[in-house]
Amino acid sequence: MAIPEVMDKTLSSGGTEVLSILVVFTTVLMVIKLAMTYKQNKKLPPGPWGFPLLGHLPFLGKDPLSKFDKYRKEYGDIYRIRFGKWPTVIINGKAAIKKALYHRGDAFNDRPEFTSVRLVSDMKGLAFCHFDSRYVLHRKIGASVLKVFTGNGNEIIRDIIEHEVDMLIDYFLSHKGQEFDPNDATYLAMGSIIYQVVYGKGKNVREDKDFLFFIKNTETFKDFVKAGNPFDVMPWMRYILPKKYNAFVELLETSDAAEDKKLDEIKRTYDEKDIRHATDALIAATKQYSEEEKARVNLTDDQIVKTTGDYLGAGFDTTATALKWAFLFLANNPNVQEKVQREIDDVIGCNRRPTMHDRSKLCYTEAMIIETLRMGCIAPLSLPHSTCEDTELLGYDIPKDTVVFFNIFSSNYDDELWRNPYEFRPERYLNKDGMLDREKTENVLTFGIGRRRCVGEQLARMELFLCLCIVLQRCHIRKPEGEEYKLQGDVTLTYAPKPFKIQVVSRD
Ligand code: HEM
């Protein structure tokens with residue numbers, strides 16, 4: 001809902017209170033109108049009662065996943081709630097999620113026009129944009145650039161990962177077996193990796209002021225957004241909390257300016273014969289497509305190069321959180337850790353580095369990573385989708401422009417799909433010959449499914465595989481005596497483990 005410019009001027013000339021009342025009043029009217037439009041539809045999904053303006057936000061509290069589970073028991077696999085101004089449906093369980101994303105064409109593949117997205121990229125990024133022909137070409141380019149860097153023999157990425165994991169291990173071992181919280185070091189290591197994948201390998205990126213600025217901004221963004229940005233679902237809040245809103249806009253603007261500065265530097269030294277990093281590969285991609293082809297779908301060179309923002313935004317906290325979950329599960333399950341180490345010893349030994357070629361022979365290690373991704377369900381509600389046309393699911397009508405959350409968590413922990421879903425058991429993915437059973441691994445929906453499935457999945461899997469193999473080849477990870485681990489996570493920007501401590505000792 002765009003707020004007319006004249007209102008902005010009234011606000012700056014002192015009519016804040018009157019304006020707030022007007023905004024609230026208008027929003028109530030719009031919500032009533034929306035509700036009436038909804039009712040004209042034949043058969044909407046059922047759902048609980050919600051407040052005017054706020055919808056169901058006050059009911060979700062600190063543990064929205066439990067609330068969604070409760071609603072599922074009451075209303076079934078699909079139900080209707082409201083996030084502030086947005087009519088929303090939550091789709092639960094593998095069968096319903098697959099039906100929506102595989103059998104309804106592209107009806108569920110749009111993204112909602114949230115305030116933050118309009119501010120960051122005007123709905124022209126890769127992760128947050130409407131589903132149209134511009135997106136299809138953008139996605140093709142974004143995926144092909146990452147593919148170059150995730151090929152089995154890619155030395156650039158392997159070098160970056162090895163260097164950063166060595167630093168992580170040095171830090172772990174510097175505690176000399178005493179307990180510590182691995183959070184900050186893991187976060188920094190994964191931030192350094194994605195930053196160098198995007199902008200190039202640096203001697204010591206951790207001392208680079210641009211990198212430190214990126215880390216600080218990401219932290220501030222996380223603090224601000226927490227489990228959800230209030231301005232996305234209640235845009236009128238900018239008039240109630242103008243200071244907070246302005247601080248948010250300023251944060252986005254400084255991040256954008258820092259990215260532009262970095263991209264300008266890189267463009268000046270670009271050489272098509274020497275593709276150094278993902279940004280170079282994106283610049284090269286702008287030249288692979290003719291001007292007519294790009295113009296036909298409204299994709300600009302600037303948007304292509306700024307895919308860097310999507311990689312940095314989506315590829316940092318996610319992988320850091322996954323690695324933290326892995327450390328927690330390994331410390332909590334010493335028998336699993338031992339089996340992984342035995343497999344690494346048998347296949348790789350201790351005299352050479354793990355490579356991606358080892359992956360096909362390390363089935364138990366792979367299964368441990370998949371189990372980590374199932375239980376540490378990093379993006380439990382995926383990214384928000386929305387419907388780009390009126391559609392139907394499980395006998396219910398879903399109007400165009402409905403926000404849709406796919407509850408991946410409900411599928412990853414579904415006791416009809418998994419025996420003892422709260423038990424960490426990599427064996428569940430292995431067949432009787434000890435090989436990965438693809439039918440079972442495909443049931444883990446952590447990267448999403450369908451045409452908007454995570455574009456960085458291969459890179460993320462590569463990072464996790466190499467990081468964990470290197471760490472477990474050299475270290476034991478232990479749970480400190482008396483430490484009680486809580487295996488239920490917190491929903492923040494990602495689904496992250498609560499703070500925990502480990503002890504690390506060298507295997508030498
Ligand atoms: C463990 C790590 C990761 C997890 C669990 C994860 C998960 C996801 C999920 C659930 C989605 C939304 C899918 C949907 O909308 O249906 C997504 C989208 C996306 N991810 Fe990831 N991700 C991870 C790492 C990465 C990395 C390393 C990158 C890039 C460097 C990346 C880039 C993206 C992008 C650009 C999108 C938007 C795709 C689109 O809209 O077409 N992700 N990811």
Side-chain angles (χ1 to χ4, degrees), residues 91 97-98 100-102 106 108-112 117 120-121 123-132 134-150 157 160-161 186 190-191 193-199 277-279 281-282 303-304 306-326 369-370 372-386 388 403-409 411-412 444-468 489 493-496:
I91 299 179
I97 294 175
K98 281 200 160 169
L101 289 170
Y102 286 152
D106 288 313
F108 286 93
N109 276 334
D110 212 354
R111 300 263 192 235
V117 179
V120 173
S121 63
M123 292 300 286
K124 297 284 190 292
L126 168 57
F128 285 97
C129 64
H130 290 300
F131 188 89
D132 52 19
R134 195 205 68 86
Y135 163 77
V136 174
L137 183 58
H138 199 169
R139 164 103 191 186
K140 189 172 160 194
I141 293 172
S144 65
V145 163
L146 287 180
K147 205 164 168 205
V148 172
F149 289 93
T150 48
I157 301 257
I160 294 171
I161 294 177
T186 309
M190 299 319 269
I193 292 174
I194 191 65
Y195 192 83
Q196 292 175 85
V197 169
V198 170
Y199 292 137
H277 40 60
T279 308
L282 287 165
Q303 288 161 12
I304 295 175
K306 280 202 155 179
T307 312
T308 49
D310 295 279
Y311 296 157
L312 289 168
F316 176 12
D317 208 28
T318 44
T319 47
T321 305
L323 195 59
K324 277 190 289 171
W325 276 117
I369 294 171
I370 294 165
T372 298
L373 290 165
R374 181 185 69 82
M375 286 182 67
C377 182
I378 322 299
L381 298 175
S382 186
L383 288 182
H385 284 234
S386 77
C388 41
V403 171
V404 181
F405 281 101
F406 290 99
N407 188 350
I408 293 176
F409 192 89
S411 176
N412 280 7
V444 178
L445 303 187
T446 305
F447 289 99
I449 54 170
R451 291 181 76 180
R452 285 208 99 130
R453 184 180 180 128
C454 175
V455 80
E457 177 175 350
Q458 292 321 318
L459 174 60
R461 287 187 188 275
M462 178 177 180
E463 289 178 61
L464 291 173
F465 176 79
L466 290 177
C467 287
L468 286 164
L493 201 54
T494 54
Y495 178 68

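Both counts, for ligands and for their atoms, begin at 1 and track the order of listing.
The shortest contact between atom 13 (C) of ligand 1 and any protein heavy atom is with Arg452 O, 3.1 Å. Closest to atom 35 (C) of ligand 1, if we only count protein heavy atoms, is Val455 CG1, 3.3 Å. The protein non-hydrogen atom at the shortest distance from atom 7 (C) of ligand 1 is Thr446 O, 3.7 Å. Ranking the protein heavy atoms by distance from atom 24 (C) of ligand 1 puts Thr318 OG1, 3.5 Å first. Of the protein's non-hydrogen atoms, the one nearest atom 9 (C) of ligand 1 is Phe447 O, 4.0 Å.
Between Cys377, Ser382, Ala314, it is Ala314 that holds the heavy atom closest to atom 32 (C) of ligand 1. Comparing His385, Met462, Arg139 against atom 16 (O) of ligand 1, the shortest heavy-atom distance belongs to His385. Comparing heavy-atom distances from atom 20 (N) of ligand 1 across Cys454, Ala379, Ala320 singles out Cys454 as nearest. In this structure, of Gly315, Gly142, Ala278, the residue bringing a heavy atom nearest to atom 27 (C) of ligand 1 is Gly315.
Geometric assessment of Arg452 against the ring of Tyr135 yields a positive cation-pi assignment under the 6.0 Å and 45° thresholds.
Note that OH of Tyr495 and CE of Met375 are 8.0 Å apart. Values are rounded to the nearest 0.5 Å.
Residue Ala460 has at least one heavy-atom neighbour below 4.0 Å for each of these atoms of ligand 1: 2 (C), 24 (C). Listed by number with element, the atoms of ligand 1 under 4.0 angstrom from any heavy atom of Ile194 are 30 (C). Which parts of ligand 1 touch Gly456 is read off a 4.0 Å heavy-atom cut-off, strictly below it: atoms 26 (C), 27 (C), 28 (C), 29 (C), 31 (C), 32 (C). Close approach to Arg111 involves these atoms of ligand 1, each under 4.0 Å from a residue heavy atom: 14 (C), 15 (O), 39 (C), 40 (O). Interface of Ile378 with ligand 1, defined as ligand atoms under 4.0 Å from a residue heavy atom, comprises 5 (C). Every atom of ligand 1 with a heavy atom of Leu459 under 4.0 Å away is listed here by number and element: 30 (C).
If you run side chain to side chain contact (heavy atoms under 4.5 Å, CB included) between Arg461 and each of Thr150, Leu466, Ile370, only Ile370 comes through. Each of Val403, Val404, Val117, Leu383 was evaluated against Arg111; a single residue qualifies, Leu383, per the side chain to side chain contact (heavy atoms under 4.5 Å, CB included) test.
A ring-centre distance under 6.0 Å is not found for His385 and Phe405.
Residue-ligand proximity: Arg461 is placed with every non-hydrogen atom at 4.0 Å or more from ligand 1.
Neither the backbone nor the side chain of Leu101 comes within 4.0 Å of ligand 1, counting heavy atoms alone. In Tyr135, the part holding a heavy atom less than 4.0 Å from any atom of ligand 1 is the side chain.
No side-chain donor-acceptor contact under 3.5 Å links Tyr195 to the backbone of Leu312.
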